[in-house]
Protein chains: 2
Amino acid sequence: MPLDSRTTSPARPMRADARRNYDRILAAAAEAIAEHGAEASLEEIARRAGVGSATLHRHFPSRQRLLEAVFRDKVEALCAAAADLAVDPDPWHALVTWLGAVARHAVSNRGLAASLMRGAHDGDPALGDTCHTMIINAGADLLARACRANAARPDVSITDLLKLVNAICLAVEQEPDGAAQADRLLTLALAGVHPAGESAGRKM
Amino acid sequence: MPLDSRTTSPARPMRADARRNYDRILAAAAEAIAEHGAEASLEEIARRAGVGSATLHRHFPSRQRLLEAVFRDKVEALCAAAADLAVDPDPWHALVTWLGAVARHAVSNRGLAASLMRGAHDGDPALGDTCHTMIINAGADLLARACRANAARPDVSITDLLKLVNAICLAVEQEPDGAAQADRLLTLALAGVHPAGESAGRKM
DNA sequence: TGCAAAACGGGGTGGCCCTCCATATCGTAC
DNA sequence: GTACGATATGGAGGGCCACCCCGTTTTGCA
């Protein structure tokens, strides 16, 4: 798993000490975020990692960057899950299952939802494959398949769906039974509020 | 409009200077929140109001309290709108219209959504009629009417709906075209993602 | 082994939230 | 009008934070 482009690209490899500190910070950040959420103190992360705060800021110029690095492997797992589901015989079921998985990850990794959402607009434009675009690409296939099977409305975009999922997770993030609530709300949103779902539901 | 219980209840009226500062802080907070969202600096609000930070903290022991005071009249407007819609001949339309209004308010008053959501659990329990419960009560009637008319699924609660609305607003809050996106997502969630909305949409 | 480039981190700056307490102001009783 | 207790004030200060500067150390290559 590439931790940083410079660790893999031959352009200019990281120095050994830099690499070591990078990894330490990442590990400390994962711990801290699990405990205190995405708002964890950067200074405490540096302290835990045994590096100066300047070193943390040099490796990760913004909190967003750090979150992306920490969550990258989790995001990759989601992308893999999407690939697996791409062969599910029921495209709608595949889509719904995957969105549920996204929601579960987002709820259990506090701050993932917010982090991914922010990535959409105020992240550095230079950063090509952020977690955000990775997830979008993974989901787009599932949605396209569902559309082709006429199982999803054609005017729905994957961005819409992911925003909905992230919105829900963001909202229930700090409730005790977040996972259950997220599941409930997501099901509700996907099914619609109308009892039989006839077209009246769309006239709004 | 009651600004503080002590301004109306005969128990112990506020002193004139206290009242003046209370109003100034409220006005400054409204300005600051409109500019910087609900995370606006409390110190800056105090500065704008021309009072010391201690005075702000005395009048509003928590940020939540301040937000509630600022948003109270807006919330009251929403409650009034709900009352008006309660006589709409089409209960589903009334419900949807009202939720749309809630969303519009939440988007245009950055932080309202988050503020109301937080009010649900970590607000002081002593605070009886928070904005949160005011809105819940207002919406419950509309939903009940829609249910009675078989226009909304009976297993949906007003809490679910409001959470959904707030989630959406929270998520699109800092996008440039927030209002449009919120509308889009809300419509989507209410209608469901399925094209015709047949029961498959609910099996998830 | 020598040395330039790369990386480091202590400490400073400025911001934030919140609290204490000496001081100023208000409302009332006379 | 004045005196006085209750009430309200706000500046100073503590603790925490993000972020940056720059003298020092480490690294890796020649």
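A note on names: the letters A, B, ... follow the listed sequences, proteins ahead of strands, and every chain is numbered from 1.
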Discussion item. Please determine whether side-chain contact (heavy atoms from CB on, under 4.5 Å) holds for the pair B:Arg153 and A:Leu188, giving the CA-CA distance in whole Å, both sets of side-chain angles, and the decisive distance to 0.1 Å.
Written reply: CA-CA 10 Å; B:Arg153 292 210 263 129; A:Leu188 177 60; 3.8 Å; yes

Worksheet item: Passes side-chain contact (heavy atoms from CB on, under 4.5 Å), B:Leu66 versus B:Leu26? Steps please.
Response: CA-CA 8 Å; B:Leu66 177 57; B:Leu26 222 45; 4.2 Å; yes

Worksheet item: Under the side-chain contact (heavy atoms from CB on, under 4.5 Å) criterion, do A:Leu95 and A:Leu99 qualify, and how do the steps go?
Response: CA-CA 6 Å; A:Leu95 177 63; A:Leu99 290 176; 4.2 Å; yes

Item to complete: Please assess A:Glu76 against A:Arg72 for the test salt bridge (charged side-chain N to carboxylate O under 4.0 Å, His left out), listing each intermediate value before the final yes or no.
Response: CA-CA 6 Å; A:Glu76 279 169 357; A:Arg72 171 153 298 173; 5.0 Å; no

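- Note on A:Ser41: a side-chain N or O is less than 4.0 Å away from OP1 or OP2 of D:dA18.
- Checked for salt-bridge contact, A:Arg145 and A:Asp141 miss the test: no charged N lies under 4.0 Å from a carboxylate O.
- In this structure, A:Asn21 atom CG and D:dT25 atom C1' are separated by 13 Å, rounded to whole Å.
- Across all strands shown, A:Arg58 has heavy atoms under 4.0 Å from base atoms, whether or not it also approaches the sugar-phosphate.
- Distances shorter than 4.0 Å separate none of the side-chain N or O atoms of B:Arg47 from OP1 or OP2 on D:dG10.
- Between the side chains of B:Asn21 and B:His59, no donor-acceptor pair is found at a separation under 3.5 Å.
- We find that CZ of B:Arg24 is positioned 10 Å from P of D:dT9, with the value rounded to whole Å.
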Protein-nucleic acid N or O pairs under 3.5 Å, nucleotides 22-26 of chain C:
from: C:dT25; atom 1: O2; to: B:Arg15; atom 2: NH1; distance (Å): 3.3
from: C:dT25; atom 1: O2; to: B:Arg15; atom 2: NH2; distance (Å): 3.0
from: C:dC26; atom 1: O4'; to: B:Arg15; atom 2: NH2; distance (Å): 3.4

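- What separates CG of A:Leu56 from P of D:dC21 is a distance of 17 Å, to the nearest Å.
- One can find a donor-acceptor pair under 3.5 Å joining the base of D:dC19 and the side-chain atoms of A:Glu43.
- A distance of 7.0 Å separates CD1 of A:Ile45 from CZ of A:Arg63, quoted to the nearest 0.5 Å.
- Rounded to whole Å, atom P of D:dT7 lies 19 Å from atom CZ of B:Arg19.
- Rounding to whole angstrom units, CE of residue A:Met14 and P of D:dG28 are separated by 12 Å.
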Item to complete: Dump the intermediate steps for side-chain contact (heavy atoms from CB on, under 4.5 Å) on A:Leu42 and A:Phe60, then the final yes or no.
Response: CA-CA 10 Å; A:Leu42 297 182; A:Phe60 305 96; over 6 Å; no

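- Rounded to a whole Å, the CZ atom of B:Phe60 is 15 Å from the C1' atom of D:dA8.
- Two end axes, each from the C1' atoms of five base pairs, can be drawn for the helix from C:dT1-D:dA30 to C:dC30-D:dG1; they diverge by 10°, to 10 degrees.
- When the options A:Asp84, A:Leu85, A:Asp90, A:Val102 are evaluated for a side-chain contact (heavy atoms from CB on, under 4.5 Å) with A:Thr97, the one that passes is A:Leu85.
- Whole-Å rounding puts the A:Leu42 CG to D:dC16 P distance at 16 Å.
- Taking 4.0 angstrom as the limit, B:His57 places none of its side-chain polar atoms (N or O) nearer than this to OP1 or OP2 of C:dC20.
- Applying the 4.0 Å criterion to OP1 and OP2 of D:dG10, one finds that B:Thr55 has a side-chain N or O inside that range.
- D:dA18 atom C1' lies 16 Å from atom CD of B:Glu39, rounded to whole Å.
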